[in-house]
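This structure is a prediction, so every number in the text was calculated from the model and none was measured. One-based numbering, in listed order, for ligands and for the atoms of each.
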Amino acid sequence: MITNLKIKRFDGKNEKIDNFEIEVTDRTTLLEALMHIKDNIDPSLSFRVQCRSAICGTCAVKVGEKHILACRTKIKDLLEENNGEILVEPLSNLPVIKDLVVDQKIYLEKLKDVKAWFVPKEPFEPVYPEDLKKFDKETDCILCGICYSACPAFQSDKDFGGPINFVKVYRFWKDKNDALGDERIVLARENHITSCVHCKYCTFMCPKEIPVEQDITQIEFYGKQKGIIEDQQQGFGFGFGFNPPSF
Ligand code: FES
């Protein structure tokens, strides 16, 4: 079938929407459609792609109110969800470099602020399957930036660490062989974990089904119990002036 794909373009100065008419099948993915356009219609179209199999996280874009991996999303499904009108846009909360390419440095750099790496404890304890289960989902994070893009907390706190950061905090905090322990909760506090508005968009949008908001809630709850995080401020509420998407 022939379908129209609208794509938001940016050349470094100006924005515009381009309309492309392409032929797709029921199995065509959004990434295949973008590649078809680049190879056959407009070679100047810019987007990111590497693995083409939902592993590297580079192809994340926005269509309507959803933030998705282009390589694993079918055009047919997007047409159904968006009443036949597909507008592909770059991720939000990140500067656009060109067309659908955003500057991922913003959230990748922030990972350093929470020491998003394993710090081995001495002596190393044996690891059993039940230990790994505690952070099994969190290890699936592919750093695609979708949760960062979907997060409304940046509207009220530009210094908010972002959902990715707190998934990493959770992953290493739950690892019994990580040496930092409660220092990870201190890092979460310093990265403004309490600015999370608990809207759950990060959880709804995560292509790896990581319970991001639940992880944040657990870190906050533990931190408050231990007196590491002050029991105050925002948290657990809405009303910060953001416009919630409808699902
Ligand atoms: S191209 Fe790697 S996740 Fe889509």
Checklist line | Polar side-chain atom of Asp18 near backbone of Lys6 as donor-acceptor pair, under 3.5 Å | finding: no

Note to self: So that I can tick it off, tell me whether Lys8 and Glu89 are bridged by a salt bridge, with the cut-off set at under 4.0 angstrom between side-chain N and carboxylate O.
What the structure shows: yes

Item checked: Note: Asp113-Lys110 ion pair, threshold 4.0 Å (strictly below) -> no

Next item on the list: Would you check if the side chain of Tyr170 reaches a backbone N or O of Asn165 as a donor-acceptor pair within less than 3.5 Å?
Entry: no

Checklist line | Those residues that, when tested against Asp42, pass salt bridge (Lys or Arg N to Asp or Glu O under 4.0 Å) (two or more places apart) | finding: Arg9

Next item on the list: May I ask you to list the protein N, O or S atoms found at less than 2.8 Å from atom 4 (Fe) of ligand 1?
Entry: Cys59 SG, Cys71 SG

Margin query: Angle between ring planes, Phe154 versus Tyr148, binned at 30° and 60°: parallel, tilted or perpendicular?
Written below: tilted

